[in-house]
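Down below is the structure, laid out as structure tokens.
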Amino acid sequence: MNEYDSNRILHLTKKINYYSTKNINEADCYILNTCHIREKATDKVYHEVGRVKKQFRDKKKPIVLIVGCVAQAEGEVLLKKEKYINAVVGPQSYHEINKIILNTENENIKVNSTEFEVIKKFDQLNIVKNTNSKISSFLTIQEGCDKFCKFCVVPYTRGPEYSRSSSEIILEAKQLVENGSREITLLGQNVNAYNWRNQRLSDLLYSLSEIKDLKRIRYTTSHPKDFTDDLVEAHGACKKLMPLLHLPVQSGSTKILKNMNRNHTIEEYLQIIEKLKKKNSYIKFSSDFIIAYPDETRDDFEKTVSLMKQVEFINSYSFIFSARPGTPAANFKKVDEKIAKERLVIFQRVADEIKTKYRNKLVNSTTNVLFENNTKDLDKYFGRDEYFNSVIVNSSENLAGKIRKVKINSCNHNTLFGEVILENKPKEYAA
Ligand code: SAM
Ligand code: SF4
């Protein structure tokens, strides 16, 4: 979401003649978009500002804006502690950025813009065209969260749940496709909580499927509690929807899920998985895990490992619980640090074994790849298969934006290497 937001901020600042530069030395304004989800986020901000300070020691000071969730969470504290910062701008106040830059150009004022004005933000963003021309683009459809999981800062930094209108979303998707995008990933903190005048995520998926040159659709991140049957149905019916679902579970223990305020049991989570598999036998899953949440016993942890083995997630993001200031879980008694680290190592080893087994099986199979660009080596093209695996092939033909059938010859932990085996576009997955 920060990548999407950063691009949209750039679209906005173009209106006042501020463009992006690859050469940091010539920047007049420095915007640091931040994430606050795990610890050390604030330290990273001070570190980064220190770096800019050093870089501009003998030059005119650039305008420095700290935007995003650290700005929202720390606000005044950042401004007071680091005088080099001109303004802090929360994620729902990006529409204020141009005004702030123009005001700061002339006077060295300090601005704290951290109101939750999400409607105004999208009103402003809708006026500026999304000129992103990447083959695979992000599109935010929903923001904020009302779920208040006890470990999470999002409801405090991104504010309450808000869904954009479906017509705005479809218009933006059409712009992206006109610019060359062939894949769109719909974004939201709880993307499947999307609800605009009773239109749900599934309705959007069908509408977006109508856009002719849009070949692939993905969405992230969904919450098990909002996984309604119409969305399950869409995974069978919507041919452009890719068969990889990121469905965070956090823990394999219902007791821990309850302590986290996740509002579902492991049985309910597994039921969703089973329903999806019935609708689409090709579907695979990835997930997020929090290891050593307060009160996690060895038995709870073993349940998380068992879940990993049972579902065989092909990708996973796992972190030790990080106490976030202001969240209820920050006051809970933490699991001993040494035990927490040991559990993370055990969990990640199991997750890695599953991933490696899956990837090794792909060698000598064929897969459909949407190519995005060539790599530093101009004859090599990078793309992704339906399961979001990175694939690299040699090709003298410009493959950007094209879907090709590829035979996989080898793999490492992050990339599959193969060769294009058909010159014509193959039948899309399940199309
Ligand atoms: N809304 C999504 C959901 O509930 O499934 C997840 C969004 S959250 C921004 C992304 C991930 O960060 C979570 O799934 C969780 O695993 C991780 N996360 C959030 N807070 C955390 C914390 N305090 N400690 C460790 N991991 C955390
Ligand atoms: Fe955070 Fe996701 Fe829970 Fe919302 S549902 S509080 S974003 S973890």
Side-chain angles (χ1 to χ4, degrees), residues 1-5 33-42 68-70 72-73 91-92 118 138 140-163 185-195 201 219-227 231 245-253 256-264 266 268-269 272-273 285-296 301 304 307-308 311 313 315-335 337 340-341 343-344 347-348 351:
M1 189 166 278
N2 271 9
E3 187 179 327
Y4 174 84
D5 282 347
N33 196 0
T34 58
C35 172
H36 200 238
I37 201 79
R38 277 178 294 271
E39 57 210 301
K40 303 213 174 90
T42 316
C69 290
V70 175
Q72 185 68 41
Q92 308 308 1
V118 69
F138 291 128
T140 293
I141 65 163
Q142 180 277 339
E143 269 209 46
C145 179
D146 293 336
K147 298 219 164 28
F148 290 93
C149 298
K150 292 197 174 164
F151 52 82
C152 183
V153 287
V154 169
Y156 311 96
T157 55
R158 288 264 171 181
E161 259 171 37
Y162 168 82
S163 297
T185 302
L186 304 176
L187 299 179
Q189 265 84 31
N190 277 303
V191 75
N192 57 338
Y194 178 83
N195 191 336
L201 175 60
Y219 63 86
T220 197
T221 301
S222 46
H223 191 291
K225 193 65 193 158
D226 291 314
F227 222 98
L231 188 53
L245 176 68
H246 186 67
L247 191 59
V249 63
Q250 318 299 354
S251 168
S253 153
I256 295 293
L257 293 182
K258 191 157 185 280
N259 293 353
M260 290 175 165
N261 194 31
R262 293 290 288 180
N263 274 311
H264 66 83
I266 281 302
E268 284 162 342
Y269 182 86
I272 300 168
I273 300 260
F285 302 91
S286 59
S287 197
D288 293 344
F289 295 84
I290 296 180
I291 304 298
Y293 188 73
D295 209 24
E296 182 192 82
F301 170 67
T304 306
L307 184 77
M308 180 79 213
V311 180
F313 295 98
N315 223 338
S316 62
Y317 302 90
S318 51
F319 294 94
I320 292 174
F321 164 72
S322 163
R324 308 309 293 125
T327 61
N331 303 320
F332 299 168
K333 190 173 176 290
K334 278 177 120 182
V335 172
E337 203 182 321
K341 281 185 181 158
R343 286 183 190 169
L344 185 70
F347 180 81
Q348 290 188 337

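Order of listing sets the numbers, starting from 1, for every ligand and every atom in it. FYI, side chains are in, hydrogens and waters are out, and symmetry mates aren't considered; it's all heavy atoms of this structure. Because the structure is a prediction, the values reported are computed rather than measured.
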side-chain contact (heavy atoms from CB on, under 4.5 Å) with Asp295: which residues, sequence neighbours excluded?
Lys255, Asn259
Check whether any side-chain heavy atom of Leu187 sits under 4.5 Å from a side-chain heavy atom of Thr220, and report yes or no.
yes
Residue pair His246, Ser222: steps toward the side-chain contact (heavy atoms from CB on, under 4.5 Å) verdict:
CA-CA 7 Å; His246 186 67; Ser222 46; 5.9 Å; no
Within a distance under 4.0 Å of any heavy atom of Phe151, pick out the atoms of ligand 2 and give their elements.
8 (S)
Using the side-chain contact (heavy atoms from CB on, under 4.5 Å) criterion, which residues pair with Ser318? Sequence neighbours excluded.
Phe289, Ile291, Leu344, Phe347, Gln348
Are any non-hydrogen side-chain atoms of Gln142 and Leu201 less than 4.5 angstrom apart?
no
Relative to the ring of Tyr219, is the ring of Phe227 parallel (under 30°), tilted (30 to 60°) or perpendicular (over 60°)?
tilted
Does Phe321 reach the side chain of Gln250, with side-chain heavy atoms less than 4.5 Å apart?
no
For Tyr269 and Pro224, which heavy atoms make the closest approach, and how far apart are they?
CD1-CG, 3.8 Å
For ligand 2, is Arg262 a contact, meaning one of its heavy atoms is under 4.0 Å away?
yes
As a test of reading the model: which residues have a non-hydrogen atom less than 4.0 Å away from ligand 1?
Ile37, Arg38, Phe151, Val154, Gln189, Asn190, Thr221, Ser222, His223, Pro248, Gln250, Arg262, Asp288, Ile290, Ile320, Phe321, Ser322, Arg324
Which protein N, O or S atoms does atom 4 (Fe) of ligand 2 have within a distance shorter than 2.8 Å?
Cys145 SG
Please check if any side-chain donor atom of Gln72 sits under 3.5 Å from a side-chain acceptor atom of Gln92, or the reverse.
no
Does some side-chain heavy atom of Leu257 sit less than 4.5 Å from a side-chain heavy atom of His264?
yes
